Structures are given as structure tokens and as C-alpha cells.
There are 2 protein chains.
Amino acid sequence: MQDILFDFISKYVSLTEDEKNAILSLDIFRSVKKGAILLKEGQKSQDNYFVLKGCIRKYYIIDGEEKTTAFFTEMEGLTPHCAINNAPSEYFISCVEDTILIVANTDMGVELNTKFPKFQLMCGVLSEELLAKQQINFDEFKTSSPEQRYMNLLQKRPDLIQRVPQHQLASYLGIKPQSLSRLRARIVEKNKG
Amino acid sequence: MQDILFDFISKYVSLTEDEKNAILSLDIFRSVKKGAILLKEGQKSQDNYFVLKGCIRKYYIIDGEEKTTAFFTEMEGLTPHCAINNAPSEYFISCVEDTILIVANTDMGVELNTKFPKFQLMCGVLSEELLAKQQINFDEFKTSSPEQRYMNLLQKRPDLIQRVPQHQLASYLGIKPQSLSRLRARIVEKNKG
DNA sequence: TTCATTTCTTAACTTTAGTGAACGAATTTA
DNA sequence: TAAATTCGTTCACTAAAGTTAAGAAATGAA
């Protein structure tokens, strides 16, 4: 399990045994059941999540309706807004599947960063990468229709379409489940004719 | 003009005269006319932009149509994706109004950062702030209808509605200019009834 | 397994956005 | 200033998404 983590880190910085042990000693690995809720609206938490295996989901409840805005799968990390500004969370985080996570709070991060400046370097790179990815995603979302968004997702994250319930996917695409069903039927129809 | 910059910076770190002079010696201030294009699709550039006064706009041309995805006004900065990965730009950047900018390329940044670690600190904070803002914006966009997005904009950035042409605003909201006109008429109608 | 709940799809109807065209107003350009 | 272009709005029509409801399929719990 730890190997997955160290393989990932090795893409950014190389670690000594000391450093690896420092990470392991933090006891950060968590195994979480499908459906479990990691963070609730209104809750304060310092925890950051990094998915080693499985899938977690970020969603709001607006007018009693779940609005899913993001999924995080293998090798993707999530720093909840509430962990940055120490305010109650505006959203929920839950597990789409049985998931193996790294859960690290901000203090741990600070501790590691001061002991091993390498980490700070890696975090900088990661956050820059993330910002860039985020911006491109947003632009793509804005400039395309629901149907295009679905086709795009089919190309870029085909796994999501398999592993995530339709109604969660729908709200991720900014539409209702019924519209997603219809839209899919429409696409099949086009490919026939 | 420089005062605007130093006032802004002073919110994050305090600068010595030396440091201020180091910044000024870079000769980074640019005055740009309305309509001027700062970056074109396909072009490579290392330049980052920071708006001191005025407004710049980021847009794609997709199937011959302009798709505006962002506006940057006073005290907002833009690091084009092409400046990070040294690839041709996928989008354009142009001036919505006569604008006073700071234009800094990546080398300058590196030079300042090594001379004055303070800057690196500030950049870290800024990029974290930006990422958080970006994520909230994206979530809001995804979870709301065009009409809600317009109402939201009216609250959060009323200045944009005044200073930006309607058709650019429309595509920023993810709709066509005709739909924005109609939507506005609809809102007025509601407030009458 | 059986029952209950959740999920997905379909359908009819409503609302809203996209499209193409027209027109006046505002802005540019010659 | 005059002509040309761009811009914003309106209209009629089309296409797509929202809404409400119903039923089938899949999932989960007792």
C-alpha cells in the first residue's frame, strides 16, 4: 500500500529511507467503506485527503438536492476549503467506493515541510499543476454544452462513467439525471442513423 | 502608479526600499490601449500579467466564435498556461479597456525570488488563495443556472456588467448574447409583477 | 430470500437556451 | 461627416434541459 504512495512521490522528489520512515510514522493511511462520509457541511476540519485507491466525491446540498462538483480517484488529492480558512465546510465529502486514503492534517504538513524542505518544493509544484489543470477544466466546462461535456468525459475519464452512479455524474455535468439519460439515448440514436 | 502595486504587496509582505527598487528596476509597467491583443492563440510567451488599472480578458476562438472564460480587473493576475508548460497558447488575451499592467516573465520571477525569498512566500500564498477562489467559482458555476449566474455576478462583480460588452459577458456566463438579453428582460418582468 | 429503497429510464409537458433574421443604436473607420 | 461595422435587442422557431410522474431494474437490509 505504501509503495503506491512512494511511487507517486518519486515522480516529484526522491526520498531517503529516513524521509520515508518519517512519513510512515505519521500513521496516515485510512481504509474507508463505500458511502462513508469524510466531511460534512458545517463541520470544521484540518484534514487533507489523497486517494491511493478508490474514489471520493465532493458535493453540496442545495435546496435539499445533492450537487456533485468533483470526483477524486487514484493519485488525486483534495484540500478542503475549510482546512485552509478554518471555517465551517460548505460541502460534503464521501466515498463512492471502498477507498484507501492518506489523511493528513495541516499540522503534519507543516511538520514534514520544516523537517524536509523537499516536501514544500513538491507541494509547490503540485499546487501549480493543480491550478493549471483546474483552469483548463473550468474553461472546457464553460465553453461546451452538456452533450459535449459528456463526450469529453467519455474520452478523458472513461473510468468515472463506469464507477460512478449516473445521478452523481449528471450533476457533475451540470444537468439532471433525466437529462443525462435522454442525452445518452440521443447519442446512441445519432450513431445508428 | 507604482504606489498601487506596493499597496497591494504590503498586504502580504512588507518591503524594504532596496526591494522596492529591485522591482522598479525591472521596468515592468506597461500601458495598453483598449482592444490590444497581449497574447494570441498558437503563440509562445513567458509573460505573466497583473492588472493595476483596467480590465483584460481571456478568450478562446472555437468554430470561429469567441468564447470568453475570464476577466481580470484591478489587482488580479494571470499566468497563462503557455508560460508554465512552454507550449503554444490555446487562447487569446486582450484588453477590454485602456489598461495599466505589470508584465513579468518567468525569468524575472525567478530572479526576484532568489534575491528576495519574501516574494516566493507571497507567491505561494497568492497561488493558494487563487486556487481556493477558482474552486469556489467553478463549483458555483456548475451548481447554478445561467440566470442564477447572472444574478450572482450582479452581486459579486457589478462593475463587470458595466464595463464589459454584453456579448462577452454572455459567453462568460456560458450562453449566447440573445439569451442574455432575454434573461435580463425576464428578470425585469419578474420584478415588476 | 424477501421487502424496501435507491437508481435508471421513459414519457408528456413546461421552461429556457440556441438559431437565424431583422432593426435601430452605438462605435469605428475612412 | 458619412459610411461601415459592431453591438444589443426583439421575434419566431427549433432544440435541449427542467419538472413531474410512473414503472422497471438494481441494490441493500432484514
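This is a predicted model, so every value here is computed, not measured. We use all heavy atoms of the structure for the numbers below, so side chains are in, but hydrogens, waters and symmetry mates are not. Convention: sequence-line order gives letters A, B, ...; per-chain numbering from 1.
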Task: Selected nucleotide, minimal atom distance to A/Ala185 side chain, candidates C/dA17, D/dA17, C/dT10 - done: C/dT10
Task: Under 4.0 angstrom between A/Arg184 side-chain N/O and C/dC8 OP1 or OP2 - done: no
Task: B/Gln162 side chain vs B/Asp159 backbone, donor-acceptor pair below 3.5 Å - done: no
Open item on the list: Measuring from the side chain of B/Pro146 (C-beta onward, heavy atoms only), which nucleotide among D/dT9, C/dC8, C/dA17 has the closest atom?
Closed with: C/dA17
Task: Rounded distance in Å - CD (A/Glu189) to P (C/dT9) - done: 15 Å
TODO: Measure from CG on B/Leu180 to P on C/dG18 and round the result to the nearest Å.
DONE: 11 Å
Task: Pairing of A/Arg182 and A/Glu147 as salt bridge, 4.0 angstrom limit - done: no
Open item on the list: Determine whether a donor-acceptor pair (one donor, one acceptor, N or O, separation below 3.5 Å) exists between the side chain of A/Arg182 and the base of D/dG18.
Closed with: yes
Task: Interatomic distance where CG belongs to B/Leu183 and C1' belongs to D/dT10 [whole Å] - done: 15 Å
Task: Side-chain donor/acceptor of A/Gln155 to backbone N/O of A/Asn152, under 3.5 Å - done: no
- [ ] Specify whether B/Tyr59 and B/Phe92 have parallel, tilted or perpendicular ring planes, treating 30° as the upper limit for parallel and 60° as the lower limit for perpendicular.
- [x] parallel
- [ ] Give the nucleotide from the list D/dA17, C/dT7, D/dC11 with an atom nearest to the side chain of A/His167.
- [x] C/dT7
- [ ] Respond yes when some side-chain nitrogen or oxygen of A/Lys176 is under 4.0 Å from OP1 or OP2 of D/dA16, and no when none is.
- [x] no
Task: B/Glu65 vs B/Lys34, nearer the 5' end of DNA chain C by closest nucleotide - done: B/Glu65
Task: Nearest to side-chain heavy atoms of B/Ser179, which nucleotide of C/dG20, C/dT10, C/dG18 - done: C/dG18
Open item on the list: Tell me the interatomic distance from B/Tyr150, atom OH, to C/dT16, atom P, rounded to whole angstroms.
Closed with: 16 Å
Task: Nearest listed nucleotide, side chain of A/Gln178, among D/dT19, C/dC8, D/dC11 - done: D/dT19
Open item on the list: Side chain of A/Ser181, heavy atoms from C-beta onward: which of C/dT10, D/dA17, C/dA17 has the nearest atom to it?
Closed with: C/dT10
